[in-house]
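Lettering of chains follows the sequences in order, A, B, ..., and the numbering in each one begins at 1.
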Amino acid sequence: MNDEPESGEGGGTVDVLIPLGLDQAYSYAVPNGLVLKPGDVVHVPLGPRETVGVVWSQGSGRGGNLKRVTGRVDMPPLDPALMKLVDWVAWYTLAPKGSVLALVLRRQPDDTPERPKLGVRLVGAPPARMTPARARAIAAAEGGLLTGKSALAEAASVSMAVIDSLVDAGTFSVEALPRDAIAAMPDPDHAQPVLSEGQAAAAKELVASVQTAAFGVTLLEGVTGSGKTEVYFEAVAQAIRQGRQSLILMPEIALTAQFIDRFEARFGVRPGLWHSAVTGRKRERLQAAIASGEARVVAGARSALFLPYRDLGLIVVDEEHEAAYKQEDGVSYHARDMAVVRGRIENAPVILTSATPSLETRVNAERGRYTHLKLPERFGGRELPTLGLVDLRQDKPERGRWISGALIKAISDNLEAKEQSLLFLNRRGYAPLTLCRDCGHRFQCPNCSAWLVDHRFRRALVCHHCGHVERRPHECPACHAAESLSACGPGVERLAEEVATLFPQARGIVLSSDFPGGTERLKQELMAVASGEFDIVIGTQLVAKGHNFPGMTLVGVVDADLGLTSGDPRAAERTFQVLRQVTGRAGRGERPGRALLQTHDPGHPVLKALISGDPERFYAAETASREAAGLPPFGRLAGLIVSANTAAEAEGHARALARCADAPDGVSVLGPAEAPLAVLRGRHRVRLIVKTTREVNLQDYLRAWLKRGPKPKGSVRVAVDVDPQSFL
DNA sequence: AGCACGCCGACT
DNA sequence: GTCGGCGTGCTC
């Protein structure tokens, strides 16, 4: 029966990939009686211990004295499509194959036995001694239904002790609650959505793409409130009708109760939820349900991409432009791109949704590789806010002030009308720079080249790059002049000071990621803002997305130029996206909204595109400016990260890489001069932008380069801005 | 991922 | 003189 009679091992040999940082599968002998095929999960000896691994191929074994496979693991085998995905992602990200396999195999260190949740049921006579609390508990359990113990206690507003006493009295029986269904069957016809004409047309196209069951990517573009979710739900419904699975990828923070409610309203059940907070047995059960095909719809963060779906019929990437899709530690990949690749491998249509599509996605849409569907209007007749620029050269705030006359007027009007205002400034702390008026000394981070940000509430100087914190001194450390330190520029804390001076009667709040009291308090405050408890919100990026503020009718962007001048090739794009998001916060309730953006450069193409309301204009402007700067077009970029211990070392590596990369035709490095030096936790990382033409396979080139050197001392990683479509 | 080996800083 | 820091290398 065996093809390899020469080996003493009747089963021949297999190459086993181990989920560790190994790029090559190791060969093992297969003991007699064991039949293994690619995809099988096995136990193998590795050095002094045992590990799991996956049979990657039949033996190309090196004959001789191989260790033997210990045995098969009782687990469904990896299907060929998933193996292909692992191979592809490893090749593309330059990560060892084993590291990518680890994303798929994710062994949860979890031995917690499943603790059945206990419920109680009203079965017996009331107890001899009745008390008001007992009566309430019995009333709440009326009907003889099995109710969760703690839920019942809460419903009757009694303590658990009361329930327990009733159990002892024989009034209640204790039974195990049925395990909550991890993946109930969604009903595609549970609730028919009401779609506008435009939405229905887009939905029809998406449904058709699911019906053909062929790979294809559709960009579904529409502003917040245009009903993107309802539209792609129709594609999900179609996949359910066909008995196939759907994956909805979303940024972790987007997996909110709000989304789940909408899903439940449409399909009658909750989707399978996959994110970092789902752990233990629940995670295991969901994984099993996904592998068996029982879980029809999975909504998950980026790691859901590597789950073993049995029959994937649709992938949705919600908010495709979100930076959260980038994984930068370990295997660095962009989940949106890998989703497209998985769709191709599984032959499933892919839907990307966004209000502000990323440039690479726009490029793909423009080149016709993606179908582009637009939902132009806000649903329900709600108007988009009107946007206006304030020219700070004309309307100049006083020295040490940052709010222009026009914006002050707008805020006062809003206060008078009892409507909320949002002041957006993407800068935490009090002031971004502190200097000595006497000697000109500037406070700089000892690790990085960045200025230290004054956090006055915390009485500290903080580096926003590496997290370095020092006390804010009273005298200049260079010239020892007393009381000479001066804050330069505004942060949200300083802005709050100005707001308090200008509008002493207004109720204001500062919302930023260093909100005192942590995330929980922050959530509470967001709710408080939504219910109208504050008049003026001063916030960073944090307020740009997420919570809806129905009473917010004015958004003032304090410094719209911030982020337009940085050396980062994606800075303009990010600025455009965040400004579009934050200005879109105005007028989400009953009343129409408006936004004022303060700028020193009203003619800036990014701002003009923003004001026009047409994102295509931003894309056109960016393309033109990149061309003018001699930068390669988007879609052909790779970021290369080189780590080193000193700035000089990093610089040297960068040069070596640049020289090396210049060798083949079509690959070049936009040298270290253009690569901003960033320092992370005391370790310098140089990011190089490598450009390639489509004729040259950058991945293969870099892989070859890594093998033959000159090898830099630090680690080298390839970031994930390359466009995988070029290689599909 | 573990685990060994190996090379420089502060201690019994 | 050693203990121990973690950088680098190896596991069929």
Expressed in angstrom and rounded to an integer, what is the separation of [X] atom [atom1] from [N] atom [atom2]?
X	N	atom1	atom2	result
A:Tyr26	C:dC10	OH	P	10 Å
A:Leu22	B:dG2	CG	P	12 Å
A:Lys97	C:dC12	NZ	C1'	15 Å
A:Leu46	B:dA4	CG	P	14 Å
A:Leu101	B:dA1	CG	P	13 Å
A:Glu50	C:dT11	CD	P	17 Å
A:Leu17	B:dA1	CG	P	14 Å
A:Lys67	C:dC10	NZ	C1'	11 Å

### Query
Do A:Tyr325 and A:Val317 touch side chain to side chain, with heavy atoms closer than 4.5 Å?
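A side-chain contact exists here, since the closest heavy-atom pair is under 4.5 Å.
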
### Query
Of the nucleotides C:dT11, C:dC12, B:dA1, which one has an atom closest to the side chain of A:Leu20?
B:dA1

### Query
Where the side chain of A:Pro48 is concerned, which of B:dC3, C:dC12, B:dA1 is the nearest nucleotide?
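From the listed options, B:dC3 comes nearest.
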
### Task
Under 4.0 Å between any heavy atoms, over every strand shown, what does A:Ile18 touch: base, sugar-phosphate, or nothing? Just pick one.
nothing

### Task
Would you kindly say whether A:Arg336 and A:Ser358 are connected by a side-chain donor-acceptor distance under 3.5 Å?
yes

### Query
Do the side-chain N and O atoms of A:Thr361 and A:Glu320 include a donor-acceptor pair separated by under 3.5 angstrom?
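The answer is yes; a qualifying pair exists.
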
Show me the donor-acceptor pairs within less than 3.5 Å that the side chains of residues 97-104 of chain A make with the rest of the protein, sequence neighbours left out.
{"unit_1": "A:Lys97", "atom_1": "NZ", "unit_2": "A:Asp87", "atom_2": "OD1", "d": "3.4"}

